[in-house]
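Just so we're clear, the structure is a prediction, and the values are computed from it rather than from any experiment. Chain naming here is simple, since letters A, B, ... match the order of the sequence lines and numbering starts at 1 in each.
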Number of protein chains: 2
Amino acid sequence: MFNEQQTKLARYTKALGHPVRIYVLQTLAKQTCCYSGDLSEVLPIAKSTLSQHLKELKEAGLIQGEIEAPRIKYCINKASWAEAQDLLKAFFED
Amino acid sequence: MFNEQQTKLARYTKALGHPVRIYVLQTLAKQTCCYSGDLSEVLPIAKSTLSQHLKELKEAGLIQGEIEAPRIKYCINKASWAEAQDLLKAFFED
DNA sequence: ATGACTGTTCGTAAATTTACGAACAAAAGT
DNA sequence: ACTTTTGTTCGTAAATTTACGAACAGTCAT
């Protein structure tokens, strides 16, 4: 029923659909990358909850985590980020 | 904790986060407007489910319904549509 | 007034989301 | 070895989302 673009767009926007995840993505997009702990210090939620949000963003493909023991450095996944941007651009340009 | 823009962006993207709602918005953005029945004929979901999705889009401000008895004509809410577009543009332009 | 048509609302159920603290795991430093 | 640091996973609970059919509520035509 739905084409690839519609499905992808829904997946990306769903991942964006929470203030915490918007904040995380803005932070990662501005500065290159950051650690989970950096976010945890600022955000008014439990570490475990943040971890869940990061997992969702990871599963949507928007971010990726690199191990930098004992921490994990999270960065934007530039390819997916660009794809989401393109899909949204096309979406609004109808 | 979150500013107005982040909250709004999350609200808009959350409303976009479902294939049915993406489809509806694309349809409304392409053609000027359409009736619930037109969508219902095409979409593989119950009328009542469609009605719920339309309600969500309405509550997010993205669409509006005009009574054209006995039907309801749904259209994009251009102001909110433009706002969502601007917020997303700014979001990706960081 | 009685049907036919359109779309919403209600009641319900299953799945998902959001959130927390506690427990756990991996790696580094002591 | 043991402790500290970092972050995930587990267990759980409450709220929300998605979906359906049935019932309802307007409006128009007969």
**Message:** Mind checking if B:Lys73 touches a base, just sugar-phosphate, or nothing, with heavy atoms under 4.0 Å?
**Reply:** nothing

**Request:** Indicate whether OP1 or OP2 belonging to D:dA19 is found under 4.0 Å from a side-chain N or O atom of B:His18.
**Result:** yes

**Message:** Quick check on contacts: within residues 31-52 of chain B, what sits under 4.0 Å from DNA chain D by heavy-atom distance?
**Reply:** B:Ile45, B:Ala46, B:Ser48, B:Thr49, B:Gln52

**Message:** Quick check for you: among D:dT27, C:dA19, D:dT8, whose closest atom lies nearest to any side-chain atom of A:Leu54?
**Reply:** D:dT8

**Fill in**
Judged by nearest nucleotide, the residue sitting upstream toward the 5' end of DNA chain D, A:Lys14 or A:Pro70, is A:Pro70

Using a 3.5 Å cut-off and no angle test, enumerate the donor-acceptor pairs between side-chain atoms of residues 23-32 of chain B and protein atoms at least two apart in sequence or in another chain.
unit_1: B:Gln26; atom_1: OE1; unit_2: A:Gln6; atom_2: NE2; d: 2.6
unit_1: B:Thr27; atom_1: OG1; unit_2: B:Tyr23; atom_2: O; d: 2.8

**Asked** Hey, is CD on A:Glu4 packed in by over 12 heavy atoms from elsewhere, all under 6.0 Å?
**Response** no

**Asked** Taking the side chain of B:Lys58 as its heavy atoms from C-beta onward, which of C:dT8, D:dG7, C:dC5 lies nearest to it?
**Response** C:dT8

**A:Arg21 side-chain N/O to C:dT18 phosphate OP1/OP2 under 4.0 Å** = yes

**Item:** D:dT17 phosphate, OP1 or OP2, under 4.0 Å from B:His53 side-chain N/O
**Value:** no

**Prompt:** To the nearest angstrom, how far is B:Arg71 atom CZ from C:dG7 atom P?
**Reply:** 7 Å

**Complete:** Between CD of A:Glu68 and P of D:dT5 the distance, given in whole Å, is 19 Å

**Message:** Nearest 0.5 Å, please: how far is NZ in B:Lys89 from CD in A:Gln85?
**Reply:** 11.0 Å

